[in-house]
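Quantities reported herein were computed from a predicted structural model and do not represent experimental measurements. Chain naming here is simple, since letters A, B, ... match the order of the sequence lines and numbering starts at 1 in each.
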Amino acid sequence: MDYRASDVEKKWQAFWRVKETFKAHDYSEKPKFYALDMFPYPSGAGLHVGHPLGYIASDIVARYKRHKGFNVLHPMGYDSFGLPAEQYAIQTGQHPAETTRKNIKRYRQQLDQIGFSFDWSREVRTSDPNYYRWTQWIFLQLFDSWYDESAQQAKPIEELILHFQRYGTQDLHASCGSEFQFTPEEWDGFDDAARENILQNYRLAYRTESTVNWCPALGTVLANDEVKDGLSERGGHPVVQKKMMQWSMRITAYAERLLQGLDQIDWPESLKEAQRNWIGRSAGASVHFQLQNHPDQIEVFTTRPDTIFGVSFMVLAPEHPLVAEITTAEQASAVKAYQEQAARKTERDRLADVKTVSGAFTGAYALHPFTGEEIPVWIGDYVLASYGTGAVMAVPAHDSRDWAFAGHFDLPRPEVIEGGNIKQEAYEAKEGKVINSDFLNGLEVQEAIPRAITQIEEKGLGQGKINYRLRDAIFGRQRYWGEPIPIYYVNGLPRRVKEEHLPLELPEVSAYLPTEDGEPPLARATVWNYHPEKGVVANGEGYPLETTTMPGWAGSSWYDLRYMDPGNPDQFVSPKATEYWKDVDLYIGGSEHATGHLLYTRFWHKFFVDRGYTSAEEPFKKLINQGMITGTSAFVHRNEKGVMVSADLRKDHKTTKIHADVSLVNASDELDVEGFKAWRDDLSQAEFLNHEGRFLVSREVEKMSKSKYNVVNPDDIIVEYGADTLRMYEMFLGPLEQSKPWNTAGITGVHNFLKKLWRLFHQGGNWNLTDEEPTEKELKILHTLIKKLNEDIEAYSFNTSVSAFMIAVNDLLYAKCTKQAVLEKLPVLISPFAPHIAEELWGKMGHVESIAYEPYPVHEEKYLVESKHKYPISFNGKMRFTYELPLDLAKAEVEETVLSLEKTQHYLEGKSPKKVIVVPGKIVNIVI
RNA sequence: GCGGGUGUGGUGGAAUUGGUAGACACGCUAGAUUUAGGAUCUAGUGCCGCGAGGCGUGAAGGUUCGAGUCCUUUCACCCGCACCA
C-alpha cells in the first residue's frame, strides 16, 4: 500500500476546515501562545517557495504548542494596501480592490495547500473598511494627543489646552517642533487659527512644512526607510528633496523608550543594532554662540564640549534660516550661489560626492563663549539641516570633516587634545590630555566633558543634551490605494472627522493618477467633502477632505492586536482580549522590516499603553528573521556563431550565457531542448552542440525572481511530492535564519523518508502493528528521538529535527520494528512537521479525533542510559581506534585495560607513555 | 569608515561544558531486483596514497593531554548604517 500524498492531504485539509480544528479560544484556562507571521502583501505573482519558509517554521511551533497544552493563536491576513495594485490600476483601469481580491484568493489557495494551522476566522485585511476604520480611529487618537516629557507619556490634547489656559507655556515639558513662549492671557487672545497652529506643534499626528523625499516617478513622498542610496526602495527611481506640507508622526517623542525597550526583547542582535543605529542617540551639549553685531545666537549641538577651545570657525547648513540674515553684502552673491548649488543636488548626488569639500563664507562672525574671540561663520553642505540644530562648532584639529573643511579654506586648526599628529589628520580619539583650554587644561577627555558641560550651564551658555538621529515619520502619501486620512479643512485648518462617520471609505475616482496640477488622486473624487452632521457629501456641500492617504506601515502597525479580537465592532481591540493574549510570543519575518514596520509598530504600541488601551509596550517578545531562499538559475551557453553549447563543452568556445527557465532543466542539469526551443520565439531555430545526447546547463545561485527564470512554485512541488514533503524539505534545507539556495534535486531524500515512515506502519504490504513488548534497543531509538525533538523545537532548530526523524525511521526499519507501543508515538511526534501523514496514520490506528491536541511525548531518561561506551583511544590527540568498556569502570581500571591492549602497544612503538588522560564516558588520550 | 554576520567534502548542511570532524540528505560508483523507471534494497564515497601511512574545518600563529569550538593577527564574502557634529 503506497503513500499517496495528494489524496491524504486534501482529505485532512477539508477535515480541519469543517471541524474548525485550529480555532483559537478567546478565553481559556490554558496558557496562551501567540505565534505570528509577518502578513504578506498579496502580489499578482503568487507565492514562490521562499515565502512559506517562515510560515512553516511558525506553524511547526504553533502545532507543537497545541500538543503541549497551550491555547494557540496562529492567525493570518493580508497587508493589502500597496503600490503594485495601484500601478496595475493605472495601466488597466481595473479597481485596485478588484485586483487585490483576486490576488488574495490565489494566496489563500496556495496557503491552504501547504496545510497551515491558521485560524482563518480571524483573518484581517488592511484594505477592508471594517479594518481601516480602526486605523483611522488610531490616527485620530494620535491627532488628539501630545507627549508629556516629564511624565514620559502621551496624554490627551485637552490636558495641554488646559495647561495653556492656566499657565501658558510655563513649566511645560512637551515634545514639539519648535519652542513657543506665551502666557495664559496671550493664549486667551489667540484666534482659532493661531491656536491650532500652536497645537500642531505638539500633536503626535500633525501637519508641517518639511523637506520630504519626493519620488517623481512614483508621484509620491517616501519615508526615510523607503529610500535606499537615493533611490526608491520599490522600483529604484530617483528621489529628490522637496519642501511640502505633510502629515507626520511624532515618533521622535518615543526615541528614548524605543531604545530602552530593545533591552527587554529577544530579537536578533543585528536587528536591534539596526534600530539603535536608526535611533542614533548621542549625548553632548547644546551651546549658544552670540553673533557679533547681531541680536541672534547660533545654537549648536556637540558631543565634544571638551574641545570647545579648539573652535576656529562655525558652519551652518545652507538651508539654515539665519543664513539670509547674517550674510554680509560683500558675501551675498557667493552665499546665494552656493545655496542654489546645494539645493540642486539630489540626495543621491550628495551621497556620491561625500569626498568633495565645498562651502562659502557668510562674512559674519560669532563670539567664542569663553574667550570672546571672533569666529568666522561659514555655510557648507556637510552640515545637515535635519540633524541637531543644523549648525556646528567646527573643531578642525579633532574632527575629520572639520579638518578637511579647514584645509580646503585655509582656516587654522588649533590643537586642544594631546595625542595625535594634527598636521596629518584629525585626532578624534576620546583620550588624551586637554591643552590650550583654560579651565580644562590637564584633564583627561573623559573628565573634561562633564566639566565643560557644568561650566556651560553655569555661565548660561547652554545645557547638556541628548540628541537623536531619528526623524519624525512622514505619514501622508500622494496615492489612491491607502487609508484616507480622517481630516477635513475649515478655512485651511485641519479638523477631525467624527468617529461615528468612520470608516471614511475610499471614494471612487475617474483615474488613479495625480491630477494635472499635481494633486493626489483623491482630488479627482467628486464626492469628497465632509459635513459634520451628514458625513461624506458631494463636493461643494461641505468642507474639503484631506486628499493624501496613509503609508503602507499604518495598517501593519497594529494588526497583531486586531487578531486578538477581530470582529469587535466597538473597539479596535478590547481590554479583555489584550489582557489574555498580551503580546506575540513568536514573530517570524524578514529582516528588511528592521527600521520600518518593526519600529513603527513598537511606537504605536507604546502609545496605546500610554493612552490606556493596552498593556504590553513591546508587541513582539521573540522575533526570528528567516533567511532568504535563493534560486538556482540555469544558464545556456551560446557561442559567437549563435550555436548553443552544452556546459561541459563550453571551455572550447567563447560563449555568452542566457537564462533558461529552471522548469526546463532536470535534476542532472540536462536541458529539455525541445521545450527550450518552444519557450521563446527567437530560440525556435537554435542549433545545439552536445555529446552523448545530453545538453547541459550551468548553474548559479541568484535571488529568486521572475526575471531570472529561477522561480520555483510551491504548487508544483505539492503536485509532485505533497505538502508534507515541501514542509519538511524547506526545514531540512538548513538553519531557519540562514539564507540558502533552493535546489529541487534534494527533495527526493525527504520524500523517500516520508515513504519509509509510511512503510514502517505497513511492513509486509499491509497495515501491520503488533502488541509485542518493545526491546530495549527500540525504546532507546524512540526516546532518543523524543528528547531530540523537544530540544530542537524549543531551540527553533528544525533542520536537525528532520535529520533526527530520518535516523529514527531508518533504525526502526532496520530493526524491523512493528510494535504498536513504539510506532504509535511517531504520528504525534511528526505532526507539527508533516501534519497530513500524521493525521492519516493516527486515523488508521483507530482514532476519530484530530491528532492536533494529543499530548506531545516526553522522553524517559531510563531508556537512554548506557552501560558501556566505545572509547576513542587517541595518541597525542590523534584518534587511532575505539574500544568498548563498561561505564562504571574506574579511571585507573580504564587506563590499565587500555594500556594492556595489543593495539595500544602497537601504537606505542615500544615507548612508555608520558601521561594518560582518561575522561570517563568520553575519551582516552595517551601522550607519548 | 563604523556596526552585525558567515567561512567545514562535489552540494545542502551536522558536531553538549574544548573530547571519535563530516551525522542526515543530495550527487556519484558498484551490485541486486524489475519489462522499464526518476521505484526499492545492499555496499562504498573528505583529500593524497597500491599500501603502511599522511593531510584535513578560509590563512598564519598561540593556549591545551586534546581546538571546527578558546585567544591573537589576517583574508574573503554577505547584510545594515554612512558627512549624524
Relative to each other, are the rings of A:H398 and A:Y427 parallel, tilted or perpendicular (30° and 60° limits)?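 Perpendicular, since the angle between the ring planes exceeds 60°.
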Any idea how A:W378 and A:F409 line up, ring-wise: parallel (<30°), tilted (30 to 60°), or perpendicular (>60°)?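 Geometry flag for A:F409 against A:W378: tilted rings.
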I want to verify a distance call: between [options], whose nearest atom is closest to the [X] side chain?
X	options	value
A:Y382	B:A21, B:A25, B:C83	B:C83
A:A745	B:A14, B:C26, B:A25	B:C26
A:K756	B:A25, B:A85, B:U40	B:A25

Does [X] reach a base, just sugar-phosphate, or nothing at all? Heavy atoms under 4.0 Å.
X	value
A:T800	sugar-phosphate
A:D402	nothing
A:T595	nothing
A:D399	nothing
A:N467	nothing

Hey, which of these two, A:G280 or A:N925, hits RNA chain B nearer its 5' end, going by closest nucleotide?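 Result: A:N925.
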In whole angstrom, what separates A:Y721's OH from B:C26's C1'?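 Nearest whole value for this atom pair: 12 Å.
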Side-chain donor/acceptor contact of A:K922 with base of B:U17 under 3.5 Å: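 Donor-acceptor pair under 3.5 Å: yes.
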Check: A:N277 side chain, B:C81 base, donor-acceptor under 3.5 Å: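 No pair found.
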Distance check: side-chain N/O of A:N743 vs OP1/OP2 of B:A25, anything under 4.0 Å?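 False: A:N743 side-chain N/O out of range (4.0 Å or more) of B:A25 OP1/OP2.
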Are A:R276 and A:E269 close enough for a salt bridge, meaning some N to O gap below 4.0 Å?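 A salt bridge links A:R276 with A:E269.
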